[in-house]
Amino acid sequence: GLVGSEMCIRDRNMSLQKTYEFDQIVNDITNHEQFLKLKHELHHGISRYEHSLRVAKVTYTVTKRLNLDYERATRAALLHDFFTDKDTAGYNAKDTLKVHPSIALLNSKKYFDIDEKQANMIEAHMFPICSVMPKYKESWIITGADKIVASHEMYRYKAQMVLGIWLIFLFNIIACLLYTSDAADD
């Protein structure tokens, strides 16, 4: 993944000017020691860092085009999954879906200046699974962007990873059967 000013290398979906502006909005977050830990957290078949960047880029593009508060929305989108697996170790998968937005908000407030609007954007991103309802247009956009990006990632990366594991498993069974068959013929 790209870090900080390296992100200015042209994103195929954004103009050079927009890529630069995006980088200026998120640079302090993407280079933060705690946020960089997300590069080592698996999420939808890729890192949580990459997932968060994707959601932030979609949010940036949509909110800027709609003339909304794109800077704060982009930062909130980047922080929407700001948690590590260690933060959710005591929860099962279903409960993690419900509590991780609050954990992400706590982590965001701990390291960055988060206002009330951004807090809602982060904490409501799992609506209706979580109980916090989006109050702002930007909150709804982040919620939608997260679902779209996650669906793409699950299809594009995780499904291929699962398929790959099954293919390796089948290959091993076939190889084992062939080896067993050859050994029985001897």
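Along the sequence shown, residues are numbered consecutively beginning with 1. Keep in mind it's a predicted model, so treat the numbers as computed, not measured. We use all heavy atoms of the structure for the numbers below, so side chains are in, but hydrogens, waters and symmetry mates are not.
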Test: R65 cationic atom under 6.0 Å from Y70 six-membered ring centre, within 45° of axis:
no
Verify the cluster assignment for Y136 and L68: are they in a single hydrophobic cluster under the rule of side-chain heavy atoms below 4.5 Å apart?
no
Parallel, tilted or perpendicular: which one describes the rings of Y60 and F22, with boundaries at 30° and 60°?
perpendicular
Could you tell me the separation between the NZ atom of K109 and the CZ atom of F82, rounded to the nearest 0.5 Å?
14.0 Å
Side chains of R54 and I46 in contact at under 4.5 Å (non-hydrogen atoms)
yes
Option among Q118, H32, Q34 that satisfies the side chain to side chain contact (heavy atoms under 4.5 Å, CB included) test with F112
H32
Do the rings of Y49 and F35 sit parallel, tilted or perpendicular, given the 30° and 60° boundaries?
tilted
Do you see a donor-acceptor pair shorter than 3.5 Å between the side chains of H51 and H80?
yes
For I129, side chain to side chain contact (heavy atoms under 4.5 Å, CB included) partners two or more places apart:
L97, K98, M126
D87 side chain to H100 backbone, donor-acceptor under 3.5 Å:
no
Sequence neighbours left out, what pairs pass salt bridge (Lys or Arg N to Asp or Glu O under 4.0 Å) with at least one residue falling in residues 116-133?
D69-K117, K117-E138
Between E41 (side chain only) and T84 (backbone N and O only), is there a donor and an acceptor less than 3.5 Å apart?
no
Classify the ring geometry of W140 against F127: parallel below 30°, tilted from 30° to 60°, perpendicular beyond 60°.
perpendicular
Check A73 against T63 and note the closest heavy-atom contact, atom names and distance.
CB-CG2, 4.0 Å
Search all heavy atoms of S47 against all heavy atoms of K39 and return the closest pair with its distance.
CB-O, 3.5 Å
With a cut-off of 3.5 Å and sequence neighbours excluded, list every side-chain donor-acceptor pair involving residues 88-95.
from	atom 1	to	atom 2	distance (Å)
T88	OG1	D85	O	3.3
N92	OD1	K94	N	3.1
N92	OD1	D95	N	2.7

From L79 atom CG to I114 atom CD1, the distance as rounded to the nearest 0.5 Å
5.0 Å
Report the residues that fulfil side chain to side chain contact (heavy atoms under 4.5 Å, CB included) with A145, sequence neighbours left out, ordered by chain and then residue number.
V55, V58, T59
Interatomic spacing from CG in D146 to CD1 in I141 - rounded to 0.5 Å
13.5 Å
For the NZ atom of K137 and the CG atom of N67, what is their distance to the nearest 0.5 Å?
10.5 Å
Could I get the full list of side chain to side chain contact (heavy atoms under 4.5 Å, CB included) partners for H40, not counting sequence neighbours?
none
Matching residue for L78 among L53, L38, I25 - test: side chain to side chain contact (heavy atoms under 4.5 Å, CB included)
L53
What do you reckon, is CG of D115 surrounded by more than 12 foreign heavy atoms closer than 6.0 Å?
yes
Okay, side chain of N120, backbone of P134: is any donor-acceptor separation there less than 3.5 Å?
no
Is there a path of hydrophobic side-chain contacts, each under 4.5 Å between heavy atoms of I/L/V/M/F/W/Y residues, joining L105 to Y111?
yes
Let me confirm one number: the OG-CG distance from S108 to D81, rounded to the nearest 0.5 Å.
10.0 Å
Salt bridge E21-K64, side-chain N to carboxylate O under 4.0 Å:
yes
Salt bridge (Lys or Arg N to Asp or Glu O under 4.0 Å): pairs with one or both residues in residues 24-34, sequence neighbours excluded:
D28-R75
